[in-house]
Amino acid sequence: MLQGKKILLGITGSIAAYKSIFLVRLLVKSGAEVKVIMTPSSKDFVSSLTLSTLSHHPVLIDLFDEQSWSNHVELGRWADIMVIAPLSCNTLAKMANGQCDNLLLAVYLSATCPVVVAPAMDEDMWHHTATKANLKKLESYGNKIIPVGKGELASGLYGDGRMAEPEQIIEYITVNFFLTSRLANKKAIVTAGPTYEAIDPVRFIGNHSSGKMGIAIAKELYRRGAEVTLIMGPASTEFSANGINLVRVTSADDMYNACLGLFEKADLAVMSAAVADYTPVTRADQKIKKKEDHFNLELTKTKDILKSLGEKKKQGQVLVGFALETSNEKEHALDKLAKKNADMIVLNSLNDKGAGFGHDTNKVTIFSREGEEIKFDTKTKDEVAKDIVDTIIRLHYA
Ligand code: CTP
């Protein structure tokens with residue numbers, strides 16, 4: 001997404017400047033052309049040699065030296081975007097008040113491109129009324145502010161004020177400036193992970209689903225502009241919401257209720273959860289004690305969420321299901337497409353290496369209502385999510 005994009009990275013005097021080295025590296029790796037401008041005080045935190053080597057451009061610091069004058073107007077016009085990361089309290093205050101005592105500030109004031117800042121400071125400075133007022137001013141100038149994180153700070157304290165991680169900064173600029181928002185104004189729901197069916201207060205029936213595929217799909221839909229709600233069972237995979245609404249559920253019944261409530265207003269639903277097919281008929285209130293040699297647990301079918309949504313589907317709603325198969329894969333996938341009234345079924349076969357539960361990769365074939373059968377290679381789950389979302393867009397929102 002950042003291939004060929006021209007990015008001006010401003011670095012100010014903050015301990016978080018060390019992260020800018022990784023930021024430059026990641027930006028260059030993703031195909032962007034990066035020019036770095038440093039404030040004089042940032043030189044105490046990172047070396048311009050490191051940054052010029054990684055960015056393949058000389059680093060700019062001074063407005064002029066004895067031989068030349070840096071054309072700040074040209075720089076501000078060259079860039080597709082100006083990112084200031086880290087943004088110190090001092091530079092923030094100067095930007096808010098239009099001060100211009102170094103090259104970075106001169107470029108900022110003459111930039112015609114969008115400006116994004118990633119503040120970094122100690123918690124008390126971050127919460128100071130003056131800082132808040134300065135950030136408000138920046139917002140009023142049309143600048144975008146990447147939220148700070150919570151964590152260990154340079155002071156040794158723990159709290160708000162950490163600069164966003166380089167990966168988060170790249171994600172922010174990609175989503176906000178460089179993606180075509182094909183799914184803007186579309187509401188999507190995605191299910192992910194396993195469900196747990198309680199037997200008693202300490203035991204349950206579950207499965208090994210990690211939730212990774214559903215999380216990757218939710219993120220990709222969000223990247224394309226959709227308003228996404230992820231309904232996730234008790235998966236072990238960490239997930240920080242990052243703009244995605246998160247609904248945590250435990251059982252198949254909880255997931256069913258959450259989906260049904262949200263589907264009515266949704267444009268698109270992707271059911272990638274590994275929902276339990278059966279649940280105990282009764283749940284014991286107390287822990288079941290070991291007594292007989294044999295123990296029979298009576299199970300009853302859970303509600304099929306995908307099928308229920310298929311029955312309720314209205315004109316214009318798009319419904320995508322998954323099929324995890326071990327034999328007669330195509331036949332079963334087509335059967336599910338028809339029986340559950342889905343628009344697409346994403347098949348993953350447990351016979352394929354690197355596909356299914358627990359892996360970071362997956363290998364899928366998509367079957368569409370239109371009769372298409374699209375086979376993909378083994379890829380990371382993030383790449384598979386892109387393929388799935390690309391196919392949804394091509395068939396329904398192109
Ligand atoms: N699914 C669902 N609700 C259920 C069971 C499954 O919504 N109670 C959805 C899954 O999220 C998936 C699709 O149905 O999108 C197919 O799931 P899968 O487990 O492959 O198939 P089942 O319909 O459960 O049939 P079987 O287990 O017999 O293959």
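Indexing begins at 1, ligand by ligand and atom by atom, following the structure's order.
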Exercise. Could you check whether the rings of Tyr172 and Phe177 sit parallel, tilted or perpendicular, using 30° and 60° as the cut-offs?
Key: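 Tilted: the ring planes of Tyr172 and Phe177 meet at 30° to 60°.
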Quiz prompt | Main-chain N/O of Val59 paired with Ser52 side-chain donor or acceptor, under 3.5 Å | solution =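 No.
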Practice problem: Examine the proximity of ligand 1 to Thr302 and report which part, side chain or backbone, both or neither, has a heavy atom under 4.0 Å away. | Solution: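 Side chain only.
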Practice problem: Report the part of Ile305 (side chain from C-beta onward, or backbone N, CA, C, O) that has a heavy atom under 4.0 Å from ligand 1; answer both or neither where that applies. | Solution: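 The answer is both, backbone and side chain.
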Hey, is [X] one of the residues with a heavy atom under 4.0 angstrom from ligand 1?
| X | result |
| --- | --- |
| Lys303 | yes |
| Ala273 | yes |
| Thr191 | no |
| Lys340 | yes |

Practice problem: Give the residue, atom name and distance (to 0.1 Å) of the protein heavy atom nearest atom 16 (C) of ligand 1. | Solution: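 Checked against all protein heavy atoms, atom 16 (C) of ligand 1 sits closest to Phe322 O, 2.7 Å.
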Practice problem: Give the residue and atom name of whichever protein heavy atom lies nearest to atom 24 (O) of ligand 1, and the separation in Å to one decimal. | Solution: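 Checking every protein heavy atom, the shortest distance to atom 24 (O) of ligand 1 gives Asp277 OD1, 2.9 Å.
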As an exercise, identify every atom of ligand 1 less than 4.0 angstrom from a heavy atom of [X].
| X | answer |
| --- | --- |
| Ala323 | 20 (O) |
| Leu306 | 2 (C), 7 (O), 9 (C), 13 (C), 14 (O), 15 (O) |
| Val275 | 2 (C), 3 (N), 4 (C), 5 (C), 8 (N) |
| Leu324 | 20 (O) |
| Gly321 | 15 (O) |

Quiz item: Out of curiosity, Ile11 CD1 to Leu23 CG, how far, rounded to the nearest 0.5 Å?
Solution: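 Ile11 atom CD1 to Leu23 atom CG measures 8.0 Å (nearest 0.5 Å).
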Quiz prompt | SB check Asp200 Lys289 (cutoff 4.0 Å) | solution =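 No.
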Quiz item: Looking at side-chain heavy atoms only, is the closest gap between Leu183 and Tyr397 below 4.5 Å?
Solution: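 SC-SC contact between Leu183 and Tyr397 confirmed.
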Quiz item: Strictly by modelled atom types, are Asn134 and Thr131 linked by a side-chain donor-acceptor pair under 3.5 Å?
Solution: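 No.
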Self-check item: Pair Lys137-Asn97, side-chain donor/acceptor within less than 3.5 Å
Solution: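 Side chains of Lys137 and Asn97: pair found under 3.5 Å.
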Quiz item: Looking at atom 28 (O) of ligand 1, would you say a protein heavy atom lies below 4.0 Å from it?
Solution: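 No, no protein heavy atom sits under 4.0 Å from atom 28 (O) of ligand 1.
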Self-check item: Least distance between heavy atoms, Ile170 atom then Leu2 atom
Solution: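 Answer, listing the atom of Ile170 first, then Leu2: CG2-CD1, 3.8 Å.
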Quiz item: How far apart are the closest heavy atoms of Gly214 and Ser272, and which atoms are they?
Solution: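 The pair with the smallest heavy-atom distance is CA-OG, 3.2 Å.
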Quiz item: Heavy atoms only: which of Asp304, Leu347, Val270 is nearest to atom 2 (C) of ligand 1?
Solution: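 Heavy atom nearest to atom 2 (C) of ligand 1 belongs to Asp304.
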Quiz item: atom 21 (O) of ligand 1: which of Met271, Lys336, His332, Met255 has the nearest heavy atom?
Solution: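 Residue with the shortest heavy-atom distance to the ligand atom: Lys336.
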Exercise. Please test Glu298 against Thr300 for side-chain hydrogen bond (donor to acceptor under 3.5 Å, both in side chains), starting from the C-alpha separation and ending with a verdict.
Key: CA-CA 7 Å; Glu298 200 187 339; Thr300 180; over 6 Å; no
